[in-house]
Amino acid sequence: MTTLTAADLYPKVAHVIPSVEWATMADDVDAIMRLKQERNAVILAHNYMTPEIFHGVSDIVGDSLALAREAIDVEADVIVLAGVHFMAETAKLLNPGKTVLIPDLRSGCSLAESITPEDVRALRAAHPGVPVVTYVNTSAAVKAESDICCTSGNAVKVIESLGVPKVIMIPDQFLAANVARQTGVEVIVHPGACEVHERFTPHDIQQVRAENPGITVLAHPECPPAVVDEADFAGSTAQMVKFVEARRPLKVALITECSMSDNVAQAYPDLEFVRPCNLCPHMKRNTLARIRHALETMTNEVTVPDDVADRARLAVEKMLAVGK
Ligand code: 13P
Ligand code: SF4
């Protein structure tokens, strides 16, 4: 198989990366493309990766749900998860025979860090018999204490599948509040929040609308409900992409992490993107240099202890069965 070079790949990023900037990335891009073949590796990249990773070197892209589903079918020996730690753990849970690497082991998540297995056990003890629905943005150890997982893309379906009037929905208080409003199911919450999405305010959207009459505003459901109320649509990162693909709004604002707009703008060069975005410092730890280093040295492996993995996998697999 021929190895694609940075020159071959440039058209995939040309709308959002100037050629002089791409030239500075070419050495890392060429090395990564070669290393992927040598190591029999694939790169799974979240929608928040910068365009040189997302459109340039990755093999599979998507939201948390898509990356989990795709990880199951990976046949290559090595998965590089360009995203954050919980995503790499989920890939390892679902395809345990593979070596899963992450470009920077410090790529955490404010939601995952907000809750421990002990917190989940305390919530269960306080609300006996109420099922625990856990957002995938958590450690495998927290998933292991849960009945079922969800992502922002399937949270409503997962909650509705349980057919109960009340759930413990952790750890994102805003996702839980948004889903409660959509489903009518009562939610017991944990006070976690995404440090990127909790910062948006209704005023941000009002200002964008005042400055851009006719604009379509899409918000992520990790935003507070008052922000979602101001948007035209709320959905996971993949659902935002689908919305843009189907409706082609001439001017659009994606109320989420900054790289989303760059990546969607590359795919839809005729649309105008207004960017009141926030950066995720954890996602931004992923760089070409770190991907290259992980593949060169085969370091930054993500593993999950067997006893935790078996219980966590069950909660993730129950979630995946809901969409089928
Ligand atoms: P989704 O891509 O599943 O919408 O998740 C957003 C997110 O913040 C992941 O960290
Ligand atoms: Fe976590 Fe928010 Fe960053 Fe996603 S964007 S990894 S939810 S802190």
Side-chain angles (χ1 to χ4, degrees), residues 44-50 53-54 58 60-71 81-91 94 102-115 133-139 142-143 149-158 169-179 182 190-200 218-224 227-228 231 233-244 254-264 276-286 302 316 319-320 322-323:
L44 270 59
H46 185 261
N47 288 329
Y48 292 161
M49 292 300 100
T50 45
I53 298 174
F54 184 89
S58 67
I60 295 167
V61 296
D63 66 355
S64 311
L65 182 58
L67 295 181
R69 286 195 192 289
E70 294 283 352
L81 200 306
V84 291
H85 195 268
F86 75 80
M87 296 176 177
E89 276 191 336
T90 305
L94 294 170
I102 188 164
D104 188 326
L105 278 168
R106 297 168 300 170
S107 307
C109 167
S110 64
L111 282 166
E113 277 137 36
S114 75
I115 191 160
V133 181
T134 296
Y135 197 27
V136 286
N137 296 39
T138 46
S139 65
V142 163
K143 290 183 177 76
C149 288
C150 72
T151 73
S152 58
N154 64 13
V156 168
K157 270 193 196 155
V158 166
M169 190 170 179
I170 51 172
D172 186 339
Q173 58 183 304
F174 297 131
L175 178 70
N178 286 318
V179 169
Q182 272 178 280
H190 175 81
C194 161
E195 67 188 85
V196 173
H197 293 97
E198 72 175 342
R199 288 182 5 229
F200 291 110
L218 314 184
H220 195 278
E222 289 171 7
C223 294
V227 172
V228 168
F233 171 80
S236 78
T237 55
Q239 288 166 338
M240 288 186 195
V241 177
K242 271 198 195 123
F243 185 103
V244 171
L254 305 181
I255 307 300
T256 189
E257 213 274 342
C258 298
S259 292
M260 262 299 283
S261 292
D262 293 334
N263 292 331
V264 187
C277 63
N278 290 324
L279 281 168
C280 173
H282 313 288
M283 292 283 183
K284 297 287 103 92
R285 287 189 185 278
N286 290 271
V302 173
V316 176
M319 166 188 88
L320 295 175
V322 169

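Positions are given from 1 along the sequence. The model shown is predicted, which means the values in this text are computed figures rather than measured ones. When a ligand or atom number is given, it counts from 1 through the structure's own listing order. Below, all heavy atoms of this structure are taken into account, side chains as well, without hydrogens, waters or symmetry copies.
Taking each heavy atom of Pro171 and Thr138 in turn, the nearest pair found is CD-CG2, 3.6 Å. In this structure, Ile102 and Ser107 approach most closely via the heavy-atom pair CD1-CB, 4.3 Å. Considering every non-hydrogen atom in both Cys258 and Leu279, the closest pair reads SG-N, 3.7 Å. Residue Val136 comes nearest to Phe86 through the heavy atom pair O-CD1, 2.9 Å, listed as atom of the first residue, atom of the second, then distance.
In Val196, neither the side chain nor the backbone holds a heavy atom less than 4.0 Å from any atom of ligand 1. At a 4.0 Å heavy-atom cut-off, ligand 1 touches His220 through the side chain alone.
Shown in contact with Ser236 at under 4.0 Å from a heavy atom are these atoms of ligand 1, numbered in order with element: 4 (O). Proximity to Met283 (heavy-atom distance under 4.0 Å) selects the following atoms of ligand 1: 10 (O). The Tyr48 neighbourhood of ligand 2 comprises atoms 5 (S), with distances under 4.0 Å to a heavy atom of that residue. For ligand 1 and Met87, the ligand atoms under 4.0 Å from any heavy atom of the residue are 9 (C), 10 (O). The ligand atoms of ligand 1 that sit less than 4.0 angstrom from a heavy atom of Asp63 are 1 (P), 2 (O), 3 (O). Taking every non-hydrogen atom of Asn137 and a distance limit under 4.0 Å, the qualifying atoms of ligand 1 come out as 9 (C), 10 (O). Residue-ligand proximity, Glu222 to ligand 1, at heavy-atom distances under 4.0 Å covers atoms 6 (C), 7 (C), 8 (O).
Taking any N or O of Ser64, backbone or side chain, at least one lies under 3.5 Å from an N or O belonging to ligand 1. Close N/O approach between Thr151 and ligand 1 is not found [any backbone or side-chain N/O within under 3.5 Å]. Backbone and side-chain nitrogen or oxygen atoms of Ser152 are examined, and one is located within less than 3.5 angstrom of a nitrogen or oxygen of ligand 1. Considering backbone and side-chain N/O atoms, His197 never comes within less than 3.5 Å of an N/O atom of ligand 1.
Using a non-hydrogen distance threshold of 4.0 Å, His46 registers as a contact of ligand 1.
Using cut-offs of 30° and 60° for the angle between ring planes, the Tyr48 and His46 rings count as perpendicular.
Between Cys109 and Cys194, the SG-SG separation does not fall below 2.5 Å.
Distances under 2.8 Å from atom 2 (Fe) of ligand 2 pick out the protein N/O/S atoms Cys194 SG.
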Please report the C-alpha distance between His197 and Thr256 in whole Å, then the side-chain angles of each, then the deciding distance to 0.1 Å, and finally whether the side chain to side chain donor-acceptor pair (under 3.5 Å) criterion is met. CA-CA 6 Å; His197 293 97; Thr256 189; 2.8 Å; yes
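Comment: Glu89 does not engage Lys143 in a salt bridge, judged by the lack of any side-chain N to carboxylate O separation of less than 4.0 angstrom.
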